[in-house]
2 protein chains.
Amino acid sequence: METTWAEQLRTAGLRVTRPRLSVLGVLAEHPHVDAETIATAARTVHPSISPQAVYGVLKALVGSGLARRIEPAGGPALYELRVGDNHHHLVCRGCGLIADVDCVVGQAPCLAPSDAAGFAVDEAEVVFWGLCADCQVSRGTNGYGTSSAIEEGVSA
Amino acid sequence: METTWAEQLRTAGLRVTRPRLSVLGVLAEHPHVDAETIATAARTVHPSISPQAVYGVLKALVGSGLARRIEPAGGPALYELRVGDNHHHLVCRGCGLIADVDCVVGQAPCLAPSDAAGFAVDEAEVVFWGLCADCQVSRGTNGYGTSSAIEEGVSA
DNA sequence: CCCGCTTCCTTGACCAGGTCAAGAAAACAG
DNA sequence: CTGTTTTCTTGACCTGGTCAAGGAAGCGGG
């Protein structure tokens with residue numbers, strides 16, 4: 001896994017830099033994180049990295065297809081390395097936990113609207129809202145969005 | 001149509017005020033608008049309305065179920081009066097135009113994830129991304145998100 | 001191994017969308 | 001009409017994020 005990040009960057013036409021490797025490392029460990037959490041985590045490996053560098057790196061990664069950006073309503077944007085498989089997300093209303101869900105159909109758009117109203121649809125973005133197992137148990141005790149709660153992703 | 005807004009507000013336990021009626025009027029004319037556009041449009045009817053009043057009114061309307069808030073990635077939140085039918089949205093990547101799409105299944109959640117990972121899912125939010133008819137023709141000439149382009153909704 | 005060009009990171013200003021709090025004004029019950 | 005409660009106005013403030021200028025680092029050629 002670690003053998004290829006540098007190569008992937010180069011293949012994408014990007015230079016291999018410490019900030020980029022740090023961010024990729026964080027993303028590999030934490031499936032769905034926001035920019036600020038990435039910055040904090042990356043700083044354990046590369047203390048001098050600036051928040052703006054993280055934004056820049058993420059933009060470069062998303063732009064070159066190495067990462068994907070998702071923006072759940074009511075929260076900051078999250079980033080993930082899993083790209084190209086058109087998967088969807090489960091979001092917990094209680095704690096903000098995000099889990100991946102495989103798409104039933106493998107290709108985008110995985111769904112077709114009943115009436116496209118003249119649109120040429122290229123992607124169907126699906127977000128399932130609900131409560132994760134933990135929040136179903138401890139209902140009401142959990143605040144929203146302490147980013148530490150978002151760190152663990154449940155792979156579908 | 002206009003006969004019932006006051007009643008709907010009262011039924012919801014809200015007082016009937018000029019700002020609220022103005023905002024409802026704007027929402028009835030423009031199916032999917034952001035808060036700022038609502039404020040501007042409402043000002044033609046109620047010139048002294050403040051932006052914060054609009055936020056307050058919208059929050060009250062959403063909280064009482066009279067309006068729905070949608071937050072397409074990369075743009076401000078939009079509001080609509082069509083509630084309770086679990087419909088979805090088509091968003092144009094070119095001009096930001098939004099159109100409603102009826103849900104194939106009438107009830108929420110209209111979709112079930114293939115593997116819910118322990119989540120209790122109560123809603124499936126679907127956003128179809130693509131290009132509207134106009135933007136398919138004039139590709140590349142259109143900027144993104146001049147809010148005047150968002151005013152007209154295409155009912156599915 | 002070093003040089004130079006290009007890309008990238010750092011620093012800092014700035015912006016949009018939105019929330020919070022205090023006091024004034026308006027709605028409604030009596 | 002009056003009092004109480006809700007709501008609106010005004011203004012400060014916050015988060016998440018972008019933009020721009022200059023210095024530093026990557027990397028290809030010698």
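First the proteins, then the strands, lettered A, B, ... as listed; each starts at 1.
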Ignoring hydrogens and angles, write down the donor-acceptor pairs under 3.5 Å from the side chains of residues 50-62 of chain A, residues two or more places apart or on other chains.
| from | atom 1 | to | atom 2 | distance (Å) |
| --- | --- | --- | --- | --- |
| A/S50 | OG | A/A53 | N | 3.2 |

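Once rounded to the nearest 0.5 Å, the distance linking CD of A/E29 with CD1 of A/I38 reads 12.0 Å. Considering OG of B/S48 and CZ of B/R43, their distance stands at 9.0 Å, rounded to 0.5 Å. A/T17 contributes atom OG1, which lies 8.0 Å from atom CD1 of A/I49 (distance to the nearest 0.5 angstrom).
Within the structure, the salt bridge (Lys or Arg N to Asp or Glu O under 4.0 Å) test picks out no pair touching residues 8-20 of chain B (sequence neighbours left out).
Protein chain B contacts DNA chain C over a range whose 5' and 3' limits, counting nucleotides with an atom under 4.0 angstrom from a non-hydrogen atom, are C/dG17 to C/dC28.
Non-hydrogen atoms lying under 4.0 Å from DNA chain D are contributed by nothing in residues 62-71 of chain B. Heavy-atom distances under 4.0 Å link DNA chain D to B/S48, B/I49, B/S50, B/Q52, B/A53, B/V57 of residues 38-61 of chain B, given in residue order.
Here A/R18 lies out of heavy-atom contact (under 4.0 Å) with every strand.
Comparing B/A35 and A/P19, the nucleotide of DNA chain C nearest to each residue sits closer to the 5' end for A/P19.
Residues B/P72 and B/W129 approach most closely at CB-CH2, 4.3 Å, considering heavy atoms. Nearest heavy atoms, A/I70 versus A/E80: CG2-OE2, 4.1 Å. When all heavy atoms of A/D122 and B/G130 are compared, the closest pair comes out as OD2-CA, 3.5 Å.
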Output one line per pair: protein atom, nucleotide atom from nucleotides 27-30 of chain D, and distance, for all N/O pairs under 3.5 Å.
| from | atom 1 | to | atom 2 | distance (Å) |
| --- | --- | --- | --- | --- |
| D/dC27 | OP1 | A/V16 | N | 2.8 |

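Not counting sequence neighbours, the partners of A/A77 by the side chain to side chain contact (heavy atoms under 4.5 Å, CB included) test are A/R69, A/E71, A/Y79. For the side chain to side chain contact (heavy atoms under 4.5 Å, CB included) test, residues two or more places apart in sequence or in another chain that qualify with B/S64 are B/A12, B/L14, B/L66. A/E125 meets the salt bridge (Lys or Arg N to Asp or Glu O under 4.0 Å) test with no other residue; sequence neighbours excluded. Residues forming a ring pair (Phe, Tyr, Trp, His ring centres under 6.0 Å) with B/H89 (at least two apart in sequence, or on another chain): B/H32, B/H87. A/A120 meets the side chain to side chain contact (heavy atoms under 4.5 Å, CB included) test with B/Q136; sequence neighbours excluded.
The closest donor-acceptor contact from the side chain of B/T40 to the backbone of B/E36 lies under 3.5 Å.
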>> B/V26 vs B/T37, test: side-chain contact (heavy atoms from CB on, under 4.5 Å). Steps then yes/no.
In response: CA-CA 9 Å; B/V26 173; B/T37 304; 6.0 Å; no
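Taking the C1' atoms of five terminal pairs at each end of the helix from C/dC1-D/dG30 to C/dG30-D/dC1, the two resulting helix axes are inclined by 30°, rounded to 10°.
Per the geometry, CZ belonging to A/R20 stands 15 Å off P belonging to D/dA25, to the nearest Å.
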